[in-house]
Amino acid sequence: MNQYLKMDEWNIIEEGFSEDNNEISEGIFSIGNGYMGQRANFEEKYSGKSLQGSYMAGIYYPDKTRVGWWKNGYPEYFAKVLNSTNWIGIDFSIDGEVLDIASCEVRDFVRTLNMKEGYLHRSFIAKLPSGKEIKVDTKRFVSIAQKEIGAIRYSITPINFHGTLTISPYLDGDIKNRDSNYDEKFWEEVLKKSEAWQASLVVKTKKLDFHVCSSMRYHITQDNKKVDSKAECIEKDKFVGNIVNINVKENEEIVVCKYVSNVTSRDYKVEELEAIAKEALQKAYEKGFEALLKEQSLAWKEKWKESDIVIDGDVSAQQAIRFNIFQLNQTYTGEDDRLNIGPKGFTGEKYGGSTYWDTEAYCLSFYLSTADPKIARNLLIYRYKQLEKAKENARKLGFTKGALYPMVTMNGEECHNEWEITFEEIHRNGAIAYAIYKYVNYSGDKSYLGEYGLDVLVEISRFWEERVNFSKDKGKYVILGVTGPNEYENNVNNNWYTNRIAAWTLEYTIEVIDYLKRKEGKKYLELVEKLGLKEDEVIKWQDIIKNMYYPTDAKMGVFLQQDGYLDKEQILVKELNPEHLPLNQKWSWDRVLRSCFIKQADVLQGLYFLEDKYDFHTIRRNFEFYEPRTVHESSLSPCVHCILAAKLGEQEKAYEMYLRTARLDLDNYNNDTEDGCHITSMAGTWLSIVEGFGGMRVRNGRLTLNPFIPENWRSFSFKVMFRGTLLKVNIKKDKVIITNESKEIITLVVDGDNYTIEGESEVTI
Ligand code: BGC
């Protein structure tokens, strides 16, 4: 835990500069627009602790795998989102002395992430080693109105001197990833051009030849008048920039406005890049910083209109939920179906910036309820497009049929290289199937099933069919040698969650087949032909469903996480010396594996997904057994516990779990935020409020709510889009007000009763 940020409803605020916290803040104050993003690095030179990071979505590098002990089946590479051209850079020196706050006395330092309007603001006063003092105030953003554009307004005012200020705006493509496996650089120069007041740089990645063109223009004003001094060009390897010298006086403000456009060969032909970047840049330059910022703030206003959650009576919880929503919206906009949501988004390098099961298991619901349904659909289509690769992946591991989606991927190929995860965490296939169910159940868009869904479901089902084996001893189908969601157990037999989600996938696939047969006969026949679907297969799946083995303890009436779980010494987390937590940082891996402690929701993950198949008491018994054994050392865990606790009426527990997920990064709960924020678990925070406290589900095509309000909140409200309506659900201590902000009429269920709400009206319950 490290609580150094100020509480505020709309802003994240850091007051006072601490070099020790800088890398954490760089992650937390990150900005992005789904297309590009960056950590909150400084524009000016900084020689202190910093992880420089600027990323372009979908631009990655297949870094040759590095493992201690190679195992057949390992992927050749790990796909890394690339740290790319540093386009924010503006160096300053005063009479030859470089502005670098690591070597200055800094006062009045404030760094603010304005989430309402979508920009980063920083101001401070620095005393240089010579005693000269300057005041700095800088704002920057990446535009969500025009995705290629980033803009910076950097103001610098001499406080106690006159002299020569040297300003050097630049583009630097000579960039490294900190996590490079072989300490290599991944970029090569293609083109550089510098002229007075502008420059362009095209760099390309080694191996995959992704090209990125960054173009910059800038202007400088002194005392509000445009400076037209000489701008000298500088060019180095993968580097272009300018140098401008200005005579400055005490209290006279110098403002540099730098505009940058970044375009890539993912969207345009290589030979067009420079022209396209310049065209976008020209428009941005003509608009000017203030107009662009206005556009940005209006665009964010629209986003907030659809996704804001308002909490009255708890600033800390309010700030946290807005931070999570803000970061999710900064990471993925759904405009490009080739993209996905990396666990760190644009806030760091860890996890390679690739796609994990997190998307389907956690993130999908957020985008389903807060954005146009085509955005969630795009997330599903991403996997549909990678089906062939998932089939190849299964073949590579020796399966003769079916598809195994990768644990980590950028383009459909597996990138993960730890056998216990790559080969064994096969439950991810289940979440991909479950996401299809969740999408169709929520949106009502059944056309998805025939168009894309069945292909994926059938291939996943075929994989499960081959992956199970019939145990003569048990007279049941078993799944051996897996890792469940709880990664603190490996190579276990019959992980309850994996067995259950496998059988569920088969059940759902058969349900979809029946539906298509009944409702879309022609399409169904085409699909049977295309997929080579046989009656025998379905019969086999039915047999597996009927005879799947589930480890259970009849005495306690709980499902067992895996065979033999009860052989472990049963200790509860509360009995541990708190100094031993987090276990993954304090204990040897051997000790972790032998213990009964659970990293993240596992059996409970299954009960969350499939809650309607289990009665209240079964869920309660399992919750009461597993919650005290769970250390929540994956950020994805507390939200599931929050939602189940809320369902069980355990309001205090639900609130405790909410706080743990909501402020995970802001309070650096797991002591790892310097690596970047836990973007995918932020969707879990949203789920905690909407599905947890709001009790929102979709049953029989109707939105249903079972709300309660945490004790110390006066009220809270959230917005959801559901089948063409935009609803605001406002939960107060004594009533619930639901406002239908759209024109469509809707009937929904609150605490078991039906309510019909006309367009643009509300009901109070
Ligand atoms: C979790 C996984 C998750 C990954 C990326 C791990 O710590 O155990 O479930 O997919 O992080 O967020």
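Note that ligands are numbered from 1 as they come in the structure, with each ligand's atoms numbered from 1 the same way.
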Exercise for the section: Kindly indicate whether a cation-pi arrangement holds for Arg66 with Tyr182, taking the cut-offs as under 6.0 Å to the six-membered ring centre and within 45° of the axis. Expected result: yes
With sequence neighbours left out, what residues match [X] under ring pair (Phe, Tyr, Trp, His ring centres under 6.0 Å)?
X	value
Tyr452	Tyr384, Tyr448
Tyr55	none
Tyr655	Trp713

Completion exercise
Of Lys207, Lys64, Glu413, the one forming a side-chain hydrogen bond (donor to acceptor under 3.5 Å, both in side chains) with Tyr77 is Glu413
Problem - Amino acids contacting ligand 1, non-hydrogen cut-off under 4.0 Å - result: Pro343, Tyr351, Tyr356, Trp357, Asp358, Glu487, Lys599, Gln600, Ser634, Leu636
Handout entry: Shortest non-hydrogen separation from Ala376 to Tyr439 and the atoms involved
Key = CB-CD1, 4.1 Å
